[in-house]
Amino acid sequence: MTIIASLLRNAQLPDSPTERLDAELLLAAAIGKSRAFLHTWPERIVSREAAETFAGYLQRRRAGEPVAYILGQQGFWKLDLEVAPHTLIPRPDTELLVEAALELQPATAAKVLDLGTGTGAIALALAHDRPAWQVTAVDRVDAAVALAERNRQRLGLDNVQVGASHWFDALVGQRFDLIVSNPPYIAAEDPHLVAGDVRFEPSSALVAGPDGLDDLRLIVAQAPGHLLPGGRLLLEHGYDQAEAVRQLLTAHGFVEVVSRRDLGGHERITLGRLPC
């Protein structure tokens, strides 16, 4: 017989920076309970089937596979989202983008666009907190569109419309009060692409040309044609790209261009307003 405390004590994930958390999440999933259950009932006996499932999860994690892909889900903002290997795993850093959008745009009726939605994380978080907003979420990858739609349906967010589009291609003639995006922004030769969880994520959701700015350039250049007068563009980018993104926004006629810092002190999002 094996108990919860013993399984956690013997779980070895030396290459993970969140070893204990990973083990708890994987064991909780294997036994169908919460992490709180593990702490409340550490002496509970775990079935052989659940222990074997946990061992399989640990093996996959030791090979570097992200916990979110192993479990098929990830928490973001106030939501639990289905995730899959064809989409980027939603990260806490991106919640800064959600916070800024909610702060900048009034809670009254508005049209909002999320470009490159992936799991739907940003669009669904905004729609959840702002029922009066009509949110459009698009992605170029059909499997991502289907995943975002499943998340939308499961969360019951009827103020979101999910569709297929490579950036603005399928949005001809449509204009919005606010456009948000967490596009690919990693340079093609960046060494981080072969380290950690990123190795398992789709390169199409990460890489954007030699300097990581290709998609940001396209979005900034085309956004004015899809914003209403006074509308805002809000972008996530790399920790060292804020100055370049500010210059892009200014060059394309945006005003009130500013960047905001994440909890680590890095400038991770930049926004600008289209003049009225």
Side-chain angles (χ1 to χ4, degrees), residues 25-26 29 56-57 60-61 63-95 97-98 112-128 134-172 174 176 179-188 190 192-209 212 214-216 218-219 222 226 235-237:
L25 288 170
L26 296 173
Y57 287 166
R60 292 168 65 182
R61 184 62 184 135
E65 187 174 354
V67 171
Y69 287 161
I70 296 171
L71 301 183
Q73 63 182 18
Q74 175 75 6
F76 179 81
W77 197 246
K78 304 168 186 177
L79 312 174
D80 287 322
L81 300 172
E82 177 188 347
V83 300
H86 49 260
T87 61
L88 196 68
I89 298 169
R91 288 169 166 75
D93 284 347
T94 301
E95 294 185 353
L97 193 74
V98 174
V112 178
L113 171 64
D114 175 23
L115 290 169
T117 196
T119 61
I122 296 170
L124 298 172
L126 295 177
H128 177 272
Q134 292 299 314
V135 183
T136 299
V138 299
D139 201 286
R140 68 180 297 185
V141 178
D142 290 341
V145 173
L147 175 59
E149 176 61 16
R150 289 198 300 274
N151 279 324
R152 185 202 69 78
Q153 291 183 15
R154 182 172 49 79
L155 294 167
L157 294 170
D158 295 332
N159 56 329
V160 181
Q161 181 179 1
V162 182
S165 181
H166 183 205
W167 303 131
F168 296 102
D169 287 356
L171 303 170
V172 177
Q174 297 188 48
F176 302 87
I179 298 174
V180 298
S181 184
N182 175 21
Y185 53 71
I186 299 179
D190 192 306
H192 293 93
L193 292 170
V194 293
D197 290 1
V198 173
R199 292 173 295 162
F200 289 80
E201 295 183 273
S203 62
S204 63
L206 296 165
V207 179
D214 282 5
D215 290 312
L216 285 160
L218 185 150
I219 292 170
Q222 295 186 7
H226 294 274
L235 300 165
E236 181 172 336
H237 49 70

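The basis for the numbers below is simple: all heavy atoms, side chains too, and nothing from hydrogens, waters or symmetry mates.
- Side-chain atoms of Asp139 never come within 3.5 Å of backbone atoms of Val145 as a donor-acceptor pair (strictly under, hydrogens ignored).
- Of all heavy-atom pairs between Arg140 and His166, the closest is NH1-NE2, 3.5 Å.
- Atom OG1 of residue Thr119 and atom CG of residue Leu124 lie 7.5 Å apart, to the nearest 0.5 angstrom.
- The CG atom of Leu126 lies 10.5 Å from the CG atom of Leu157; values are rounded to the nearest 0.5 Å.
- What you find for Leu147 and Ala84 is that their closest heavy atoms are CD2-N, 3.9 Å.
- Between Thr87 and Tyr69, the closest heavy-atom pair is O-OH, 2.6 Å.
- Side chains of Leu81 and Leu155 form a contact here, defined as non-hydrogen atoms less than 4.5 Å apart.
- Across all non-hydrogen atoms, the minimal contact from Leu97 to Leu235 is CD1-C, 3.8 Å.
- With rounding to the nearest 0.5 angstrom, the CD atom of Glu149 is 9.5 Å from the CD atom of Gln161.
- The shortest non-hydrogen separation linking Phe76 to Ala125 is CE2-CB, 4.0 Å.
- Residue pairs meeting the salt bridge (charged side-chain N to carboxylate O under 4.0 Å, His left out) criterion with at least one member in residues 157-170, sequence neighbours excluded: Arg152-Asp158.
- Within 6.0 Å of CD in Gln174 there are more than 12 heavy atoms belonging to other residues, nucleotides or ligands.
- Contact check for Phe168 versus Leu113: side-chain heavy atoms found under the 4.5 Å cut-off.
- Remark: side-chain polar atoms of Asn182 are not paired, donor with acceptor, to backbone N or O of Glu236 under 3.5 angstrom.
- With contacts defined as side-chain heavy-atom distances shorter than 4.5 Å, the pair Trp77/Pro90 does not qualify.
- Closest approach of Leu26 and Arg61 over heavy atoms only: CD1-CB, 4.1 Å.
- In this structure, OG1 on Thr136 lies 7.0 Å from CG on Leu171, to the nearest 0.5 angstrom.
- With sequence neighbours excluded, no residue satisfies salt bridge (charged side-chain N to carboxylate O under 4.0 Å, His left out) with Asp80.
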request  = Take Val138 and Leu115 through the test side-chain contact (heavy atoms from CB on, under 4.5 Å) and record every step on the way to the result.
outcome  = CA-CA 5 Å; Val138 299; Leu115 290 169; 3.8 Å; yes
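- Looking at heavy atoms from C-beta onward, Tyr57 lies in side-chain contact with Leu71 at the 4.5 angstrom threshold.
- Side-chain contact between Ile122 and Thr117 is absent, with no heavy-atom pair separated by less than 4.5 Å.
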